[in-house]
Chemist: 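One structure, pasted below without further comment.
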Amino acid sequence: MDLKNIGLPWLAAVATFPSDAKDMPLNLSQGVTNISEQVYDLHMTIFYICCIIGFIVFGAMFYSIVRHRKSRGVKPANFHESTKVEILWTAIPFLILIGMAIPATKTLIAMENSDDAELTIQVTGSQWKWHYKYFEHDLEFYSVLATPKKQIENKLAKGDNYLLEVDRPLVIPTNTKVRFLMTSDDVIHSWWVPEFAVKKDANPGFINEAWTNVPKAGIYRGQCAELCGKDHGFMPVVVIAKEQADFDAWLAEQVAKQKAKQEEEQRLLAMQLPEQELMELGKRTYDQFCAACHQPNGQGLPGMFPALAGSEMVTKDADGHIDIVLYGKTGTAMAGYGKQLSLKELAAVVTYERNAWGNDTGELIQAADVQARKNAAE
């Protein structure tokens, strides 16, 4: 073996490394906000300190191994202890830790300081979607995975934003301090947007805070970062940052749409929708929100999700059926859809389940029936 060339492959590998740490694909992303830059700088500072410590420690170790090896005839030293050395190897790490703690503490305090926020948004995680509520405005909505099921099943080519696209993204204004209040309806979730340096757990029964201030318009993507159940991987986060004027226009449009939707629901309370319309809408709603667990044929998954075909509740207990669709079932993966679906969609999906797969109850559930169950629960 040519000892002179033994290090050449390593030198060649090192030479191919990116010259800038932020260009390394496995490194922490730098992000777009001031806080994310502080986190990145702190990360690189600690990383370089650890590299220097490692170089010194391993350098001294390998030097000692090579320089004082037995083949050179070196005799082992015979000593027991040294108070000075023990003080040094205790004091030096202590001082290093203090030096690392000062910038880390400053960054952590800045990350937790949500004072003077100009906009507050409640972020609620549930299996497996996000609910956003704008406190200063009459607006709230759910954000659900938009990747087509055929892509997930490998029946279509994967899109550019596979599993990182939603039907309704969260929209915030640029150059505005936005506070997030994190909570959960069921299990622990975690709202994570790497480019904001925001990753905060959403715990049932508790409120956690985070904040961001995005300097430039754009689309920023993240995910749930806490294992929260079988569809944990299908719970993306998409945030669109808009200039203030564009955000105001979007907000006015969304508030108007929500108001119109509420007015339409009130109008539906006095209507009797025909069976065909209820069944067609009910099937579309079922396929989108229910079929993944209860299966397209209503047979469910034994031991996990109950069958709806032939179910005693579905065929006999209309009120109980409506209630479980509205509010879910505690202690199970069955989430409530009362806030996510309209009265018309809720009535339609219950009607469909009560008349599909041979259930054939002949009952048509109307929007007024769903509203009556809501009123009874209140």
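Excluded from the calculations below are hydrogen atoms, water molecules and symmetry mates; all remaining heavy atoms, backbone and side chain alike, are included.
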Chemist: Is K283 salt-bridged to D287, cutoff N-O under 4.0 Å?
Modeler: yes
Chemist: Taking side chain to side chain donor-acceptor pair (under 3.5 Å) as the definition, give me every residue that meets it alongside K177, ordered by chain and number, with sequence neighbours left out.
Modeler: none
Chemist: Measure from NZ or CZ of K200 to the centre of the six-membered ring of W211, then state whether that distance is under 6.0 Å and the direction lies within 45° of the axis.
Modeler: no
Chemist: How about Q366 and M271: do any of their side-chain heavy atoms sit closer than 4.5 Å?
Modeler: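 Side-chain contact under 4.5 Å: no.
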Chemist: Between Y286 and W357, is the ring centre distance below 6.0 Å?
Modeler: yes
Chemist: Taking the side chain as every heavy atom from C-beta outward, state whether S190 and K199 have any atom pair closer than 4.5 Å.
Modeler: yes
Chemist: What class does the angle between the rings of Y134 and W250 fall in, given that below 30° is parallel, 30 to 60° is tilted and above 60° is perpendicular?
Modeler: tilted
Chemist: Mind checking the CD-CG spacing from E165 to L145? Nearest 0.5 Å is all I need.
Modeler: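 Rounded to the nearest 0.5 Å, the CD-CG separation comes to 7.0 Å.
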Chemist: With the 4.5 Å side-chain cut-off for hydrophobic clustering, are L170 and L139 part of the same group?
Modeler: yes
Chemist: Once rounded to the nearest 0.5 Å, what's the spacing between atom NZ of K150 and atom CG of L156?
Modeler: 6.0 Å
Chemist: Does H189 reach the main-chain N or O of E226 with its side chain, forming a donor-acceptor pair under 3.5 Å?
Modeler: no
Chemist: Heavy atoms only: give me the nearest A309-Q299 pair and the separation to one decimal.
Modeler: CB-NE2, 3.5 Å
Chemist: Shortest non-hydrogen contact from R221 to P194?
Modeler: O-CD, 3.5 Å
Chemist: Quick check: does any side chain N or O of T183 sit under 3.5 Å from a backbone N or O of I207, one acting as donor and the other as acceptor?
Modeler: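 No, T183 side chain to I207 backbone: no donor-acceptor pair under 3.5 Å.
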Chemist: Any donor-acceptor pair under 3.5 Å linking the side-chain atoms of E345 with those of T285?
Modeler: no
Chemist: Return the minimal non-hydrogen interatomic distance between L164 and G222, and the atom names on each side.
Modeler: CD2-O, 3.5 Å
Chemist: Show the nearest heavy-atom pair for residues A217 and T174, with the distance to one decimal.
Modeler: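 Where A217 meets T174 most closely, the heavy atoms are N-CG2, 3.5 Å.
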Chemist: Against E264, only a single residue in Q262, Q266, R267, K261 fulfils side chain to side chain donor-acceptor pair (under 3.5 Å); can you say which?
Modeler: R267
Chemist: Once rounded to the nearest 0.5 Å, what's the spacing between atom OG1 of T107 and atom CG of L42?
Modeler: 4.5 Å
Chemist: If you round to the nearest 0.5 Å, how far is CG of L88 from OG1 of T83?
Modeler: 11.0 Å
Chemist: Measure up the F47 and H43 rings against each other and bin them: parallel (under 30°), tilted (30 to 60°), perpendicular (over 60°).
Modeler: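 Ring orientation, 0 to 90° scale: parallel.
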Chemist: Could you tell me whether the side chain of Y327 and the main chain of A377 form a donor-acceptor pair under 3.5 Å?
Modeler: no
Chemist: When you measure from the side chain of D167 to the backbone N and O of V144, does any donor-acceptor pair fall under 3.5 Å?
Modeler: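 The answer is yes, because a donor-acceptor pair under 3.5 Å joins these two groups.
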Chemist: Specify the closest pair of heavy atoms between L269 and L343, including all atoms of both residues, with the distance to one decimal.
Modeler: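 For L269 versus L343, the nearest heavy atoms are CD2-CD1, 3.8 Å.
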Chemist: What is the distance from atom CD1 of I102 to atom CG of L97, rounded to the nearest 0.5 Å?
Modeler: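 Output value for this atom pair is 11.5 Å.
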Chemist: Where the side chain of N113 meets the backbone of I109, is there a donor-acceptor pair that is under 3.5 Å apart?
Modeler: no
Chemist: Are L119 and V123 in one and the same hydrophobic cluster, where Ile, Leu, Val, Met, Phe, Trp and Tyr link if side-chain heavy atoms are under 4.5 Å apart?
Modeler: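 Hydrophobic grouping puts L119 with V123.
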Chemist: Check this for me, if you would: do E253 and K257 make a salt bridge, where the nitrogen-to-carboxylate-oxygen distance has to be below 4.0 angstrom?
Modeler: yes
Chemist: Look up atom CZ in F206 and atom OG in S184, then write down how far apart they are to the nearest 0.5 Å.
Modeler: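 So the CZ of F206 and the OG of S184 are separated by 11.5 Å.
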Chemist: Side-chain heavy atoms nearer than 4.5 Å, only ILVMFWY residues, links allowed to pass through others: does that put L364 and V349 together?
Modeler: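 Not linked; separate clusters.
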Chemist: Is it true that a side-chain atom of N355 and a backbone atom of G362 form a donor plus acceptor pair closer than 3.5 Å?
Modeler: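 Side chain of N355 to backbone of G362, a donor-acceptor pair under 3.5 Å: yes, one is there.
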Chemist: Over all heavy atoms of both residues, which pair between E118 and N175 is shortest? Give the atoms and the distance, please.
Modeler: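 Looking at all heavy atoms of both residues, the closest pair is OE2-O, 4.4 Å.
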Chemist: Considering the options R354, E363, R373, which one meets the side chain to side chain donor-acceptor pair (under 3.5 Å) requirement together with H321?
Modeler: R354
Chemist: Please check if the side chain of N359 supplies one atom and the backbone of G310 the other of a donor-acceptor pair under 3.5 Å.
Modeler: yes
Chemist: Please examine the side chains of C290 and E353, heavy atoms only from C-beta on, and report whether any two atoms are closer than 4.5 Å.
Modeler: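 Yes, at least one pair of side-chain atoms sits under 4.5 Å.
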Chemist: Could you tell me how the ring of F141 sits relative to the ring of Y132: parallel (under 30°), tilted (30 to 60°) or perpendicular (over 60°)?
Modeler: perpendicular
Chemist: Group every Ile, Leu, Val, Met, Phe, Trp and Tyr by side-chain heavy-atom contacts under 4.5 Å, then state whether F135 and V239 land in the same group.
Modeler: no
Chemist: Answer with yes or no whether the hydrophobic clustering places W128 together with V325; edges join I, L, V, M, F, W, Y residues whose side-chain heavy atoms lie under 4.5 Å apart.
Modeler: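 Hydrophobic grouping puts W128 apart from V325.
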